[in-house]
Amino acid sequence: MTPIQYFFLFTAGFTLLAALGVVTRRNVVHSALLLVVALFGVAVTFAILEAGFWAVFQVLVYIGAIAILMIFMVMLTRRNVADETYPEPFNDNMRLAFLAALLVFGGLALTIGGWDAARETMTVPLDYDALREFGRAMVSPDGYLVPFILVSVLLLAALVGAIYVAVLGNKSQEERE
Amino acid sequence: MIPLSWYLIFSALLFSIGLFGVLARKNAIAILMGVELMLNAVNINLVAFWRYIVPATTEGWMFVASVFVVAAAEVAVGLALVYSIYRGRRTSSADEIDLLKW
């Protein structure tokens, strides 16, 4: 066991504990805050994998935008601010859901168990600028220009749709009533 | 050196926890959090495979970027829907949202 392996196990441990907290905590605000911890653990994993760009991106996009949006929404949709009791967090299918998650993990673990161990080591040292190559590929027609544009259009459409649903859709609904 | 299978097991566990959250939680926002965990597990897999198997190519990065964008779009639309339903029905529990129109 090398120090980096201990560090990875520590990171994975606190990420998984935080993720368990996200899905089991009664108070959804606690879930949202634990989600920040879990997302940060994933960012650390990216850093261990020598993908520093994605580690920074994870902190900026997931923690800085998505998790904060989640916390805002949890606070905006509380039925009664003075109410300190929280409803039962799980629905009636909780046992079935647990079984399904366990089965999925079992299948994944079996697949990983049959993995060819010879391919498990890093063969090539990372001696080139992956970010620069990625940036070039993203704007070249031979690379990923079309997927890049598709993804951009998807994000734009989703954001316009989100604004419509959250603001304008409600306005027309209120006018109808 | 960390074996690749450690990352795969880690991401499989994260994925299963997220799946459990999606299937078992009542609150619609908590369901979206489960989806976030699942997407993160996928991203760990993509980056780990890129680093260990094909470090000299950029396909893995494009997939990671797509997952990031899809996650952002999903959260924006999902939370807008939850907020819209909350304004009309005063609830964010997925169990109580069973009508298309009211």
Side-chain angles (χ1 to χ4, degrees), chain A residues 4-5 8 12 16 19-20 22-23 28 31 35 38-39 42 45-46 49-51 54 57 61 66 69-70 73-74 76-77 79 89-91 93-94 97-98 100-101 104-105 108-109 112 115 119-122 124 126 130 133-134 137 144 147 151 154-155 158-159 161-162 165-166 169-170 173, chain B residues 1-6 8-10 12-21 23-27 29-30 32-34 36-37 40 43-44 47-48 51-53 55-56 58 61-62 64-66 68-73 75-77 79-84 86-88 90-93 95:
Chain A
I4 189 79
Q5 286 181 332
F8 173 79
L16 291 173
L20 271 177
V22 170
V23 297
V28 190
S31 286
L35 183 70
L39 295 176
V42 175
T45 312
F46 287 161
L49 279 164
E50 296 177 64
W54 293 117
F57 214 65
V61 173
I66 293 179
L69 198 61
M70 291 269 186
M73 281 310 298
V74 171
L76 277 173
T77 57
R79 217 174 298 191
F90 298 121
N91 59 26
N93 301 326
M94 191 257 209
F98 184 73
V104 166
F105 176 70
L108 287 171
I112 296 163
W115 182 255
R119 302 182 74 184
E120 284 210 351
T121 48
M122 277 186 205
V124 186
L126 204 60
E133 292 303 313
F134 178 62
Y144 313 117
V151 155
L154 170 78
L155 187 61
L159 291 180
V165 168
N170 266 308
Q173 188 183 335
Chain B
M1 188 52 65
I2 303 162
L4 176 58
S5 51
W6 288 23
L8 302 184
I9 289 285
F10 171 40
L13 273 170
L14 197 61
F15 187 87
S16 306
I17 292 172
L19 181 67
F20 173 73
L23 292 175
R25 286 300 292 245
K26 255 186 189 168
N27 189 300
I29 299 167
L32 283 175
M33 288 178 199
E36 290 307 309
L37 290 178
N40 267 284
N43 263 350
I44 292 174
V47 174
R51 183 67 191 84
Y52 280 76
I53 309 288
T58 49
W61 281 47
M62 190 63 216
V64 176
S66 309
F68 264 99
V69 171
V70 168
V75 158
V77 174
L79 289 181
L81 283 172
V82 172
Y83 186 55
S84 176
Y86 177 78
R87 294 227 299 209
R90 294 278 138 193
T91 181
S92 59
S93 167
D95 280 8

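Not measured: the values here are computed from a predicted model. Quick note on labels: first sequence line is chain A, next is B, and so on, each numbered from 1.
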ask   = With A/Phe90, which residues qualify under ring-ring contact (aromatic ring centres under 6.0 Å, His included), at least two apart?
value =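 ring-ring contact (aromatic ring centres under 6.0 Å, His included) list for A/Phe90, sorted by chain: B/Phe20.
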Residues which pass ring-ring contact (aromatic ring centres under 6.0 Å, His included) with A/Phe134, listed by chain and number, not counting sequence neighbours =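 Scan of A/Phe134 (ring-ring contact (aromatic ring centres under 6.0 Å, His included), adjacent residues dropped) gives B/Trp61.
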Heavy-atom pair count under 4.5 Å with chain A, highest-scoring of [options]:
| options | value |
| --- | --- |
| B/Ser16, B/Ala48, B/Gly18 | B/Ser16 |
| B/Asn40, B/Asn27, B/Ile9, B/Val47 | B/Asn40 |
| B/Leu13, B/Val75, B/Leu8 | B/Leu13 |

Segment of A/Leu69 engaging chain B (4.5 angstrom heavy-atom cut-off) =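 Looking at A/Leu69, backbone and side chain both touch chain B.
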message = Is A/Ala100 in contact with chain B via its backbone, its side chain, both, or neither, using a 4.5 Å heavy-atom distance?
response =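 For A/Ala100, heavy atoms of backbone and side chain both lie under 4.5 Å from chain B.
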request  = Decide yes or no on side-chain contact (heavy atoms from CB on, under 4.5 Å) for B/Arg25 and B/Met33, but give the supporting numbers first.
outcome  = CA-CA 10 Å; B/Arg25 286 300 292 245; B/Met33 288 178 199; over 6 Å; no
inquiry  = More than 12 heavy atoms of other residues, nucleotides or ligands under 6.0 Å from CZ of A/Phe105: yes or no?
reply    =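 Result for CZ/A/Phe105: enclosed.
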task = Evaluate the ring planes of B/Tyr86 and B/Tyr83, with Trp represented by its six-membered ring, and classify them as parallel (under 30°), tilted (30 to 60°) or perpendicular (over 60°).
result =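 Rings of B/Tyr86 and B/Tyr83: parallel, under 30°.
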If we define contacts as heavy-atom pairs under 4.5 Å, which of [options] has the most with chain B?
| options | answer |
| --- | --- |
| A/Ile4, A/Asn93, A/Asn91, A/Leu155 | A/Asn91 |
| A/Phe46, A/Trp54, A/Phe8 | A/Trp54 |
| A/Leu154, A/Val151, A/Leu159 | A/Val151 |

key: Reported CG-to-OG1 distance for the pair B/Asn43 and A/Thr45, which is rounded to 0.5 angstrom   =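 With rounding to 0.5 Å, CG (B/Asn43) is 11.0 Å from OG1 (A/Thr45).
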